[in-house]
Amino acid sequence: MSSTEPRGPVDSSRVPRYAGPATFARLPRLDEVAQADVAVVGVPFDSGVSYRPGARFGGNAVREASRLLRPYNPGQDAAPFALVQVADAGDVAANPFNINEAVETVEAAADALLATGARLMTLGGDHTIALPLLRSVAKKHGPVALLHFDAHLDTWDTYFGAEYTHGTPFRRAVEEGILDTEALSHVGTRGPLYGKQDLTDDEKLGFGIVTSADVMRRGVDEVAQQLRERIGDRPLYVSVDIDVLDPAHAPGTGTPEAGGLTSRELLEILRGLAGCHLVSADVVEVAPAYDHAEITAVAASHTAYELTTLMARQIAASRQETAQ
Ligand SMILES: [Mn+2]
């Protein structure tokens, strides 16, 4: 094997999938490869939650569930770990007692990983961490398009006077000018709000909303097509709060809402984003203490797999273009 060939997952025909260390998809660690094109990084931080805590354990639960992933993705007709080097970058050590310091730590860690040329596939952690991740990505790419899968808007102003919480990252991001306000979408939104003003405020920030009911009525292909048109060729960040899924598909999360997407709908919409310039992504809010039979962690691991595949395909395609 030449040094330029990606090092893939542990061979499951030799070592059973339940054996050995639980890196994401049984891939090598970042320190075992020369360079990674996609770095899977955990952020075990949940001090920004407003209801049930526990997402600090999400990243490792997703890694454990990701043992079941196989190297070929038929949904996208691609073998992502053969196309590019994907590696597990371990966890960011964020201060659980100081949110502002944790936000700075996550931003610095993301800066360091992006500087190596890798794109980030981040496993949360609560949704607070999307803000420092977006800051870092915007330093590299300028303001990015955002596709935000979530039951909630996460554009509230403050909670108990705190500006950095898991319900506020995207308001802060718009205020900081790190999002391209021509291409902001929430998908899967539902559930009761504090008032109609929440929706008006969100619209003023520039967001379009595809509700959970819209997905049901229009279908995944039409929704994906509309999202692709809105995103165009802009650099895109995708943030997936696992509570976008119905509690039947993701019980292990901090702020569940009835009437959500099925995991099949979410995965299919993501596959429909092929061709977009996905520069980094996160999957957050997996709280394993409320999970059953790894339902949520399995859904999250497949979500991260689809996102990783999208990045791998896009990187490989742009390399082929450059080579020609
Ligand atoms: Mn959220």
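We count ligands from 1, going down the list as the structure has it; atoms in each ligand are counted the same way.
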Inset, instruction - Run through His186, His127, His152 and flag the one making a ring pair (Phe, Tyr, Trp, His ring centres under 6.0 Å) with Phe170. - result: His127
Legend entry - For the Mn ion (ligand 1), the closest N/O/S atom belonging to Asp154: OD2
Inset, instruction - Give a yes/no answer: is there an N/O/S atom of Glu285 under 2.8 Å from the Mn ion (ligand 1)? - result: no
Inset, instruction - Examine the side chains of Gln225 and Glu229 and answer whether a donor and an acceptor come within less than 3.5 Å of each other. - result: yes
Legend entry - Passing candidate, side chain to side chain contact (heavy atoms under 4.5 Å, CB included) with Val43, options Asp282, Leu123, Val106: Val106
Inset, instruction - Check whether any N, O or S atom of His166 sits under 2.8 Å from the Mn ion (ligand 1). - result: no
Inset, instruction - Could you pull out the atom name of the N/O/S atom in His127 that is nearest the Mn ion (ligand 1)? - result: ND1
Legend entry - N, O or S atom of Asp150 closer to the Mn ion (ligand 1) than 2.8 Å: yes
Inset, instruction - Determine, for Arg172 against Asp157, whether the closest basic-nitrogen to carboxylate-oxygen distance falls under 4.0 angstrom. - result: yes
Legend entry - Minimum-distance atom from the Mn ion (ligand 1) among N, O or S atoms of Asp241: OD2
Legend entry - Worked verdict on Glu306 versus Gln76 for side chain to side chain donor-acceptor pair (under 3.5 Å): CA-CA 8 Å; Glu306 294 300 334; Gln76 297 196 47; 2.8 Å; yes
